[in-house]
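Worksheet: one structure, shown below.
Letters A, B, ... are given to chains in the order of the sequence lines, protein chains preceding strands, and every chain is numbered from 1.
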Number of protein chains: 2
Amino acid sequence: MRARKPTLIEMCKAQGRRITGQRKIIAEVISSASDHPDVLELHRRAVLKDNRISLSTVYRTLKIFAEIGLIEQHSFEGGRFRVERASGSHHDHLIDTDSGKVIEFRSEEIERLQTEIALKLGFELTGHRLELYGRPLK
Amino acid sequence: MRARKPTLIEMCKAQGRRITGQRKIIAEVISSASDHPDVLELHRRAVLKDNRISLSTVYRTLKIFAEIGLIEQHSFEGGRFRVERASGSHHDHLIDTDSGKVIEFRSEEIERLQTEIALKLGFELTGHRLELYGRPLK
DNA sequence: TTCCTTATTGCAAATAATTTGCATTAACAA
DNA sequence: TTGTTAATGCAAATTATTTGCAATAAGGAA
């Protein structure tokens, strides 16, 4: 039997946090999202499952999840913050400027170049942000 | 005699805009900035030269300059918009996370890879954002 | 130069996104 | 079951930016 990846809630509990109904639901919404919803959208989806979840709680819960490293918050060009479950493996994003959809990708080549460039400029790379914006080819 | 690069104000005039005292000063502040100041900082500097410049005017002027393509506005991680005079030549940014300073760089290699990746994903690259974050090496 | 039209400005109020104070509720350990 | 206290909901506060509107001033016409 293979070790299962712990759920958001399990990780949360492991941090000594209380497992509330609203946290369970917000975690569920995030886990089952295949897109990169923004906070308002998350709240909308959460309220569908339990209409007693306030927007502040969504904000607070996201902040906690982010601190523990369970999710990542991205701010793409000219929009609100958008959320995705941390996948463990790093990737960058291509944003479809027609639809707003987000496509994930990863390039070892680019990762390597970034470290190299930082080094050449006299810096130790601690993070980066790479976003491509494009229109689908016909 | 070689053609001189037109000033922000000249470009502005060429667009049929009125040349006001505040626009002259804001243009001056931007042109003489060697860093990437945010709006509040620009306003602070502008007020030093003429204390009758309001923050809204700075915002409005920046919007106009940006529309004409005279400046670029960047939103680096977790901060306000920061402004730089458009240089004509594209470059990316490395942000010193200790000091907040911004270093410009350009890598043909990375530019090329980006176009290639987008293409591979079925997209025509229309824009991108690349920011490196790092700490200076000792 | 002076006058006239209308873009531009300053100010205060409006938005928009997010955060916070506080009284109430509910997790969960004893 | 109960007591402690983290978490919640709500409304109000923040922060960054935009906008309505009356007053001002650029710049072409006379």
Side-chain angles (χ1 to χ4, degrees), chain A residues 7-29 36-44 46-68 70-83 100, chain B residues 7-29 36-44 46-68 70-83 100:
Chain A
T7 64
L8 290 182
I9 285 304
E10 285 164 351
M11 301 272 317
C12 210
K13 186 169 219 160
Q15 297 275 327
R17 298 277 179 179
R18 291 186 181 173
I19 305 311
T20 65
Q22 17 295 67
R23 280 185 190 165
K24 277 189 228 167
I25 289 178
I26 295 169
E28 233 173 272
V29 169
H36 295 61
D38 63 29
V39 181
L40 254 38
E41 179 58 25
L42 280 178
H43 181 238
R44 237 173 269 128
V47 165
L48 289 180
K49 305 196 173 205
D50 182 335
N51 68 329
R52 282 166 312 183
I53 296 180
S54 76
L55 186 57
S56 349
T57 294
V58 176
Y59 272 111
R60 280 190 276 232
T61 303
L62 290 180
K63 181 175 267 186
I64 289 171
F65 285 180
E67 268 167 19
I68 309 182
L70 301 177
I71 60 165
E72 283 173 27
Q73 312 206 112
H74 304 288
S75 74
F76 300 129
E77 227 156 55
R80 304 195 247 306
F81 276 98
R82 296 170 69 165
V83 174
Chain B
T7 63
L8 290 182
I9 285 304
E10 283 164 352
M11 302 272 316
C12 208
K13 187 168 218 160
Q15 296 275 327
R17 300 274 178 181
R18 290 186 182 173
I19 305 312
T20 66
Q22 21 288 74
R23 280 184 189 165
K24 275 190 230 168
I25 288 179
I26 294 169
E28 233 173 271
V29 169
H36 296 62
D38 64 28
V39 181
L40 254 38
E41 178 58 27
L42 280 178
H43 181 237
R44 237 172 268 129
V47 166
L48 289 180
K49 304 194 174 205
D50 182 335
N51 67 329
R52 282 165 314 182
I53 296 180
S54 75
L55 186 56
S56 354
T57 294
V58 176
Y59 272 110
R60 281 190 277 233
T61 303
L62 290 180
K63 181 176 265 186
I64 289 171
F65 285 179
E67 268 166 19
I68 308 181
L70 301 178
I71 60 165
E72 283 173 27
Q73 312 205 112
H74 304 289
S75 73
F76 299 129
E77 227 158 54
R80 304 195 246 310
F81 275 99
R82 296 170 68 166
V83 173

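Atom P of nucleotide C:dT18 and atom NE2 of A:His43 are separated by 13 Å, given to the nearest angstrom. Distance A:Arg44 CZ to C:dA17 P: 11 Å, rounded to the nearest Å. Atom CZ of A:Arg60 is separated from atom P of D:dT8 by 7 Å (rounded to the nearest Å). Between the P atom of C:dT8 and the CD1 atom of B:Ile53 lies a distance of 15 Å, rounded to the nearest Å. In this structure, A:Ile9 places its CD1 atom 13 Å from C1' of C:dA27, rounding to the nearest Å. In this structure, the NZ atom of A:Lys13 is 9 Å from the C1' atom of C:dC28, given to the nearest Å. Going from atom CG of A:Leu62 over to atom C1' of C:dT20 covers 17 Å, rounded to whole Å.
Looking at heavy atoms from C-beta onward, A:Leu42 lies out of side-chain contact with A:Ile26 at the 4.5 angstrom threshold. For the pair A:Leu70/A:Ile64, no side-chain contact is recorded, criterion being any heavy-atom separation below 4.5 Å from C-beta on. Looking at heavy atoms from C-beta onward, A:Leu55 lies in side-chain contact with A:Leu40 at the 4.5 angstrom threshold.
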What does nucleotides 12-18 of chain D look like as a protein-contact string, B for base, S for sugar-phosphate only, - for none, at under 4.0 angstrom between heavy atoms?
----SBB

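For A:Lys49, the side chain to side chain donor-acceptor pair (under 3.5 Å) partners at least two apart in sequence or on another chain are A:Glu28. For A:His43, there are no ring-ring contact (aromatic ring centres under 6.0 Å, His included) partners, not counting sequence neighbours. For B:Ser56, there are no side chain to side chain donor-acceptor pair (under 3.5 Å) partners at least two apart in sequence or on another chain.
Within residues 17-24 of chain A, the residues having any heavy atom under 4.0 Å from DNA chain D are, by residue number, A:Arg17, A:Arg18, A:Thr20, A:Gln22, A:Arg23.
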Only pairs under 3.5 Å count here: list side-chain donor-acceptor contacts from residues 13-24 of chain B, not counting sequence neighbours, and write none if there are none.
residue : atom : partner : partner atom : Å
B:Thr20 : OG1  : B:Arg23 : N            : 3.1
B:Arg23 : NH1  : B:Arg18 : O            : 2.9

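Judged as a side chain to side chain donor-acceptor pair (under 3.5 Å), the pairs with a partner in residues 57-67 of chain A (not counting sequence neighbours) are, in order, A:Ser54-A:Thr57.
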